[in-house]
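In what follows, chains carry the letters A, B, and so on, assigned in the order in which the sequence lines appear, proteins first and then strands, with residues in each chain numbered from 1.
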Amino acid sequence: MTDRTPERRTSRWYHDPFVRWTSGPICFQRRTIMDLPKAYTPRDVEPSIYERWLAADVFAPDGAGSTADPALPAFTIIQPPPNVTGSLHLGHAQRTAVEDLMIRHARLRGHRALFLPGLDHASIAAQFVLDRIIAAEGESREALGRERYLERMRAFSDSTRPVILDQQRRLGGSFDWGRLRYTMDDHSAKAVRVAFDRLYRAGLAYRTEALVNWCPGCQTSVSDLEVLSTPETGTLWSVRYHLIDPATGAPDPTETITVATTRPETILGDTAVAVHSDDARYAALIGRLARVPFVDRDVPIIADDVVDPAFGTGAVKITPAHDHDDHQTGLRHGLAAPSILADGGTIADTGTRYDGMDRYEARRAVVADLEARGDLAGSAPHEMVLGRCQRSGDVVEPRLKTQWFIRTGPLAERALEATRSGRTRILPERFEKTWEHWLTNIRDWNVSRQLWWGHRIPAWYCPDGHVTVSSVATGPVACEVCDRPAAELRQDPDIFDTWFSSGLWPFSTLGWPDDTPDLATHYPTSVMETGYDIIFFWVARMMMLGLELTGEEPFHTVYLSGLIRDPQGAKMSKTKGNVVDPLGMIDEAGADALRFALIHGTTTGNDQRFGPAKLEHARNFANKLWNAARYVLGARPLTIPADAERRLPDERHVGPADRWLRSRAVATTTAVDAAMAGYAFGEVTRLVYDAIWNEYCDWGLELAKVRLTDEQLGPEAREATWWTLVEVLDTYLRLLHPVMPFITEAIWAALPHRATDPELLIVARWPGVGERDEAAEREVGALIELVGEIRNARASARLPAADWLETLVYVPPAMGPTFEALRRGVERLARARPLLRELTPEALEAATMPGDLTVIVTGGGVEAAVRVGAAHDQAADLERERLEHDLAEAQGWLAAARERLANASFVARAPAAVVAGARAREAELAEQVDRLRARLSG
RNA sequence: GGGCGGUUAGCUCAGCUGGUCAGAGCGCCUCGCUUACACCGAGGAGGUCACUGGUUCGAACCCAGUACCGCCCACCA
């Protein structure tokens with residue numbers, strides 16, 4: 001299948017014929033939320049919300065529904081493309097959640113936010129999957145042949161493609177589907193050709209014979225990154241090579257040099273034996289010849305200081321064609337490098353009986369034969385590090401091959417400069433070190449792959465061996481050197497490493513190499529979010545290629561996510577069978593809950609364990625929010641019409657609790673802004689969660705309930721309170737929308753809107769930061785604390801929860817109006833009635849009776865006595881215990897505070913504000929201790 | 001052989017540039033009148049922040065070292 005970037009974006013879901021989508025049963029109109037069940041059911045909400053977004057064309061920065069401010073810079077995230085043949089796992093879900101969070105936040109802030117979706121052809125990974133499928137059908141890649149195989153692959157990827165796209169949508173990703181790209185689409189193909197052509201002309205791509213990592217299982221070369229070093233126990237064999245008698249030219253039966261090897265079969269490719277130049281044992285032998293067994297080749301004994309005299313026998317056999325060290329040694333000494341392996345890992349071209357044997361079979365045979373002829377000097381178990389293919393697990397064999405390489409030196413230099421100068425920032429910062437280390441020690445990048453599925457290398461060779469690289473889709477018309485016509489040229493059969501096209505992703509997706517408006521607007525992109533495990537594979541390559549080809553850093557920030565692990569901390573993998581399908585979780589708890597769960601309580605770059613508990617927590621939160629919204633909508637005073645346009649609360653009638661709630665929202669917004677600026681998304685969810693649950697619901701709604709049902713208040717007061725609830729809820733919905741887009745959109749749809757608001761929250765505006773109301777926060781805060789203390793006293797005295805307790809209370813005169821305004825709220829929440837106000841602490845003291853419970857809130861100077869009554873004998877004792885406990889605690893704190901202040905250095909050297917704070921604290925505690933003491937003695 | 005990260009309540013984890021930071025969720029214990037929510041509400045218990053030194057008026061937070069756990073990089077046969 002061939003993807004095209006559509007000329008015109010549609011407002012509909014991606015025009016892929018394979019994608020089917022049924023909408024949910026409920027179409028959200030305004031104010032229908034109350035018709036929905038008490039328990040939030042995401043299944044009824046999420047699909048239709050997504051449909052609304054699509055219909056409104058709000059995802060595209062230039063879509064019909066966009067409200068972006070063109071004066072602001074664009075904000076762009078090009079998504080790391082998942083494999084076209086794969087399906088989404090939790091890691092993907094997390095990435096999409098984080099990326100979409102950033103995108104939605106930027107969109108709410110008015111930036112032209114582009115979230116560009118895509119798919120990767122995943123050349124070797126996809127071949128692996130398809131090969132297994134056709135093997136099950138009794139087919140094979142070889143039998144099909146290149147063309148038919150590729151056809152099959154195209155059909156296969158067309159069939160798998162909708163799966164992952166559908167999953168992305170279920171997650172709620174606000175992708176601009178009209179800009180969907182694929183690393184194998186025509187445009188990417190062009191970008192690959194042009195990129196390679198430019199690199200070639202700049203001398204940064206070259207073809208040479210070099211030792212490459214060959215995977216016999218995959219039958220292709222792989223890059224250094226795809227080779228995993230695994231420690232394993234092998235065998236170190238010692239083999240005697242017979243020296244050549246200079247007189248006779250024949251091997252001496254007794255004079256030998258013993259070499260050590262872990263791969264005896266490579267004897268067949270030996271062209272020298274090396275010793276250290278200072279090694280006295282072998283000094284006399286340097287320059288003489290030794291006979292290589294089986295192949296009967298006489299090779300020189302050479303001196304080379306790479307040899308460690310302490311290892312093995314101090315003499316090393318040199319196999320330049322199959323060992324990296326030996327290859328270097330061979331080059332230094334001008335040694336021949338005969339190859340002894342075929343593509344499939346069998347021995348070849350040695351002219352011995354081992355030809356055709358598998359490398360391990362040959363190893364056993366060689367050892368046996370050496371033993372038979374008495375030249376095996378010994379063998380011992382040996383701890384070593386083997387290079388294995390990341391994909392197949394096969395032991396990788398170094399082989400000499402003529403292939404294409406990218407000269408990384410100059411590219412890496414520029415990539416390092418990008419981070420060193422701060423033009424690109426890597427988060428978390430610690431990864432800059434590994435980045436530095438890798439790029440500083442980087443080796444040239446082998447980009448040739450002997451695979452079929454991928455971009456064919458646009459290099460042609462003429463019969464004379466001339467090389468022609470062309471960026472033209474149809475290939476060159478003639479040899480660049482000798483003008484032979486195209487018909488006589490042969491294209492390189494190899495394809496590119498899949499990461500080559502991935503490396504162009506941030507700009508090829510925007511139209512590069514063409515000069516497109518998208519490239520001008522959205523490049524360089526904003527944030528590259530991806531897992532830290534592919535920082536080298538991908539991020540470094542994008543940086544290198546981006547700088548070289550576009551002259552600019554492809555992104556200003558690299559945000560590296562940690563890995564998702566199972567609840568036991570194990571990495572999720574298909575082979576372990578602990579991979580969880582995110583769709584199941586979405587079905588169960590909703591995409592919002594999944595997104596929240598994946599972000600909450602995490603820190604950038606740190607792995608997280610993920611299990612059902614987190615999901616449940618997030619679902620509960622969604623449910624809490626849902627029900628809070630249901631309450632607010634249902635509590636609308638009758639004096640406000642159902643379809644009223646949004647009004648701000650009337651300042652003349654708002655109560656202290658309203659001001660408190662509003663001020664807390666300001667505080668939360670400020671904190672969220674700071675967290676967002678620091679990419680601390682776990683902190684963002686924590687802040688909003690706490691604000692909604694512990695402030696808005698626990699106190700805001702509870703206090704509002706009292707006011708909304710207070711017959712003594714006029715309608716203006718009730719209206720002001722209700723509008724406050726709406727306003728603050730609205731603020732929290734905006735703050736939460738980037739994390740939980742569906743539920744916030746759904747609730748928002750049911751709330752009255754401002755005249756300036758758009759129809760949809762997704763394109764509304766991020767909350768501005770207003771003024772804190774310090775007095776309201778302090779005074780209402782004190783009363784909230786008072787309620788808590790009364791509840792505490794009630795519980796520790798084992799008083800029945802249902803009883804209303806007569807309570808005396810003293811509040812400082814300054815707080816009088818606030819207290820009176822909240823009196824009924826305090827009564828209800830503390831279940832204290834009647835609540836009698838005493839005018840002085842002394843009056844309170846005088847009015848109490850033995851056994852009364854006393855609670856003191858130091859911060860606001862509030863004090864209360866709860867009248868227990870005679871019915872509760874043991875209450876007095878229990879209360880005494882509590883008071884003693886409180887007193888001991890307060891005394892402890894007081895002692896600590898005094899000790900601190902007694903320290904002359906502290907007073908002298910600590911900042912004035914800290915000292916003042918400590919003094920105030922001391923005074924408060926002293927007062928509290930006094931009162932508790934008085935209480936206990938009285 | 002280099003480099004990085006982690007070690008904080010029973011479990012999973014927050015804790016930004018040192019000064020109420022000893023927190024959250026789950027779990028646990030007690031209780032539940034109250035129609036937004038039992039996917040809930042109220043109260044509570046639980047930690048010498050791995051260890052040892054140091055810097056500082058003050059350290060979970062900075063420095064040095066130690067011990068475990070994990071990850072990445074590395075061409076010694």
Inter-nucleotide C1' distance (B/G47, B/C13), Å rounded
14 Å
For the P atoms, the ones on B/G44 and on B/G25, what distance do you get once it is rounded to whole angstrom?
13 Å
Between A/P398 and A/D323, the two heavy atoms sitting closest are CB-N, 4.1 Å
Check: A/N627/A/R630 side-chain N/O donor and acceptor closer than 3.5 Å:
yes
Compute whether any side-chain donor of one residue and acceptor of the other, for A/N213 and A/S221, lie under 3.5 angstrom apart.
no
Touch check for A/R921, heavy atoms < 4.0 angstrom, all strands: base, sugar-phosphate only, or nothing?
base
Aromatic contact between A/Y689 and A/W693, with the criterion being ring centroids under 6.0 Å apart: yes or no?
yes
Find the runs of at least 3 consecutive base pairs, i with j, i+1 with j-1 and so on, that include RNA chain B, using Watson-Crick or G-U wobble geometry with both distances under 3.5 Å.
B:1-7 with B:67-73, B:10-13 with B:23-26, B:28-32 with B:40-44, B:50-54 with B:62-66
May I ask you to decide whether A/R686 forms a salt bridge with A/E683, counting only side-chain N to carboxylate O separations under 4.0 Å?
yes
With a 4.0 Å limit, can you tell me whether A/W693 has a side-chain N or O closer than that to the phosphate oxygens OP1/OP2 of B/G41?
yes
Under 4.0 Å from OP1 or OP2 of B/G3: is there any side-chain N or O of A/K433 that close?
no
Between B/G19, B/C72, B/G43, spot the one nearest the side chain of A/K571, thanks.
B/C72
Please report the distance separating the P of B/C63 from the corresponding atom of B/U56, rounded so that it comes out in whole Å.
16 Å
For atom C1', what is the distance between B/G19 and B/C72, given to the nearest Å?
37 Å
Side chains of A/W435 and A/T419: is there a donor and an acceptor less than 3.5 Å apart?
yes
Within the pair A/N606 and B/C13, is there a side-chain N or O less than 4.0 Å away from OP1 or OP2?
no
B/G41 OP1/OP2 closer than 4.0 Å to side-chain N/O of A/K624:
yes
Between the side-chain atoms of A/N623 and the base atoms of B/C37, is any donor-acceptor pair under 3.5 Å?
no
At 4.0 Å (heavy atoms only), tell me whether A/P398 reaches a base, stays on the sugar-phosphate, or touches nothing.
nothing
Span that lies between the C1' atom of B/U7 and that of B/U12, in whole angstrom
14 Å
C1' gap between B/C49 and B/G6, integer Å
14 Å
Round to the nearest Å and state the distance from A/I692 atom CD1 to B/C40 atom P.
15 Å
Where the chi angle of B/G47 falls, syn if within 90° of 0 and anti if not
anti
